*Asks:* 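Could you have a look at this structure, given as structure tokens, before my questions?
Just so it is clear, the structure is predicted and the values come from calculations on it, not from any experiment. Chain letters run A, B, ... following the sequence lines, proteins first and then strands; every chain starts at 1.
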Amino acid sequence: MPNVKLPDGSVRSYPGPVTVAEIAQSIGAGLARAALAGKVDGRLVDTSFRLESDAEVAIVTERDPEGLEILRHSTAHLLAQAVKELFPEAQVTIGPVIENGFYYDFSYKRPFTPEDLVAIEKRMAEIAKKDLPVERRVMSRDEAVAFFSSIGEKYKAEIIASIPEKETISLYGQGNWVDLCRGPHVPSTGKLRVFKLMRVAGAYWRGDSRNEMLQRIYGTAWAKKEELDAHLRMLEEAEKRDHRRLGTQLDLFHMQEEAPGLVFWHPKGWTIWQQVEQHMRRVYRDNGYLEVRGPQILERRLWERTGHWENFKESMFVTASENRDYAIKPMNCPGHILIYNKGVRSYRDLPLRYGEFGSCHRNEPSGALHGLMRVRGFTQDDGHIFCTEDQILEECVAFTTLLQEVYRDFGFSEIVYRVATRPAKRIGSDEAWEKSEKALVEALQRSSVAFTMAAGEGAFYGPKIEYSLKDGIGRVWQCGTMQVDFSMPGRLGAEYVAADNARRTPVMLHRAIVGSMERFIGILIEHYAGALPLWLAPEQVVVMSITERQAPYAKRVAARLREAGFRALADLRNEKISYKIREHSLQKLPYQLVVGDKEMQAGNVAVRMRGGEDLGAMSLDAFTARLRSEANAR
RNA sequence: GCUGGUGUAGCUCAGCUGGUAGAGCAACUGAUUCGUAAUCAGUAGGUCGCCCGUUCGAGUCGGGCCACCAGCACCA
């Protein structure tokens, strides 16, 4: 006689064992219809789940986040069923839920085409309409392996065979289609109404590039049609913000075949770069960093000593001269150690902080290249802090604070923190790893921020904190990093004289805030959809004459703005004012000044802001004061 | 690197079954001198990604390569 406690605190008693569906029905017919699953004592179950004893029960509907996930998961099954009906020879593998949707991987003799997708989606809708009941059953592991082998699903059999022997396996069936699955699932296919297949792409079996490549079909699924439409609109919006597209439209940079993965910065793009670089240079200066500059090319033997040759020689650009081999630097730290090594360092000099806008080249695989986001030639705001073990914590805390300030300057308020720990392929002692991982964790705890652990994702020479920022449309970009390195200073012979006059090896901290300048500018472009804030905008003000009569005045106004330190230009073309406004609006200039006879006579400018707001006429001094305060505010 | 797709004027794109290229915008010239998101007219602009092949003839068909796009793998 189970007593069921509902989320509102009320308790209902049932005469005997009762299913989640029956509980929903007893509460109301509407809830019974909406029920997708149940939550019994915090555990998600099917609506067919039968309670034998007292429990806390919640009915999960599409309004719950878990409900949406179940909907998506069941839609992945629906996809697999449709594919098997249309292409019986296809083999199923896995079909998990991902952000905004799901995918399912298939093995098939040929790739699926866009036309196939249309047919599959149609079949999915047909199956959903039949409202087939979804039924769960359990088997022992060996039975399940035998079952999937018997129906020719060798990938499924392989997955199940890797599950521990004792576990029971749940299967879900709808119509004449059965899949291995932990569940839960919706009670019937009729619950699946709002979905859309998005694309096909290759994906390796079990995520390993040595394995066979499968066909992955991506889809999206939602509770309501309006949500799907909103999602599709968001994708369109993201496409409009694409930095590659805006880079062309706003004439910021370009890339071309002769230099894959390398950037040609145009005058306007380079102006943005300079704003970012000058800002970061101020950050170095104001926080105890000394700016340095190392050479682009260093001898191969040096990279052998650092361990990079062994780990990354495939992705280093190499060159030779006379009898010696060189590599174009893929990172700046060895150069900084060589600078450190010139001269005897005392413990009194530590922490010693070097910063460089270091230009690096890495021969990234062709398939990885992506606009400014993944390039072969990039520039890091790379800093290295030489310190003692006792100073690590303090430096990490200070760096985290600094990074938060810089991200705020650039307009990013949300930061995601992760600590990446020792990978399988690594150098250095376990004690050193232990100690440095601890220091990173403690630094974040001291900074009072929430963080997650990423086991095995550290660099080969040390663990790291990864700092990611969230952009204007919610995407997360990893930019900043703080890495402890107990190995490289020793490998390159760095040392300092301690208080007891002994020679010790310093710890090196690798740190970056914006990371790659190229990528960060790409992120800025997308974050602001090209409409950069005043201090970053490549062109800040345009002065537009209405007729030729105001040309000399417009020129003078633009010149005075430039003298005041702003990036101003004059548009004196013989075009209608509305034409000029349209052009400069498309170029996303923050301010447009209209000067006609009225303004010229009064010595004023008529101010139009980006977005169309008309601020009316004001004196040039008043306008300059406004610009100054806006630019300083960041 | 792997799977699939794409590559035509500065940009966006059209060009059916092979018969030596077309539009809009931009550019240039002229007219217009105009008050808050496109004035009118004219002109010029292309080794159709590159190489090889099939053919009387290739932007179009076949092969190879390159680059880009999506995803996977990778990312010191």
*Asks:* For the pair A:Glu236 and A:Lys240, find out whether any cationic side-chain nitrogen is under 4.0 Å from an anionic carboxylate oxygen.
*Replies:* no
*Asks:* Looking at every strand, decide which applies to A:Ser578 at a 4.0 Å heavy-atom threshold: base, sugar-phosphate, or nothing.
*Replies:* sugar-phosphate
*Asks:* Below 3.5 Å, does any donor atom in the side chain of A:Arg374 face an acceptor in the base of B:rC75, or the other way round?
*Replies:* yes
*Asks:* Is there a donor in the side chain of A:Gln587 and an acceptor in the side chain of A:Lys268, or the other way round, less than 3.5 Å apart?
*Replies:* yes
*Asks:* Of all the nucleotides listed (B:rC72, B:rA37, B:rA70), which has the minimum atom distance to the side chain of A:Arg216?
*Replies:* B:rC72
*Asks:* Looking at the side chain of A:Tyr579, which of B:rU39, B:rA73, B:rG35 is the nearest nucleotide?
*Replies:* B:rU39
*Asks:* Just compare B:rA67, B:rC75, B:rG71 and give me whichever is closest to any side-chain atom of A:Arg199.
*Replies:* B:rG71
*Asks:* Please determine whether a side-chain nitrogen of the Lys or Arg among A:Glu548 and A:Arg573 lies less than 4.0 Å from a carboxylate oxygen of the Asp or Glu.
*Replies:* no
*Asks:* Under 4.0 Å, heavy atoms only, any strand: does A:Thr547 hit a base, just the sugar-phosphate, or nothing?
*Replies:* base
*Asks:* To the side chain of A:Pro365, which of B:rA76, B:rU3, B:rA73 is closest?
*Replies:* B:rA73
*Asks:* Run the salt-bridge test on A:Glu526 and A:Arg475 with the 4.0 Å N-O cut-off and return the result as yes or no.
*Replies:* yes
*Asks:* Is the ring of A:Phe312 stacked on the base of B:rA76, with centres less than 5.5 Å apart and planes under 30° off?
*Replies:* yes
*Asks:* With heavy atoms under 4.0 Å as the rule, sort A:Gln587 into base, sugar-phosphate or nothing.
*Replies:* nothing
*Asks:* Which one, B:rA76, B:rA70, B:rC2, comes nearest to the side chain of A:His370?
*Replies:* B:rA70
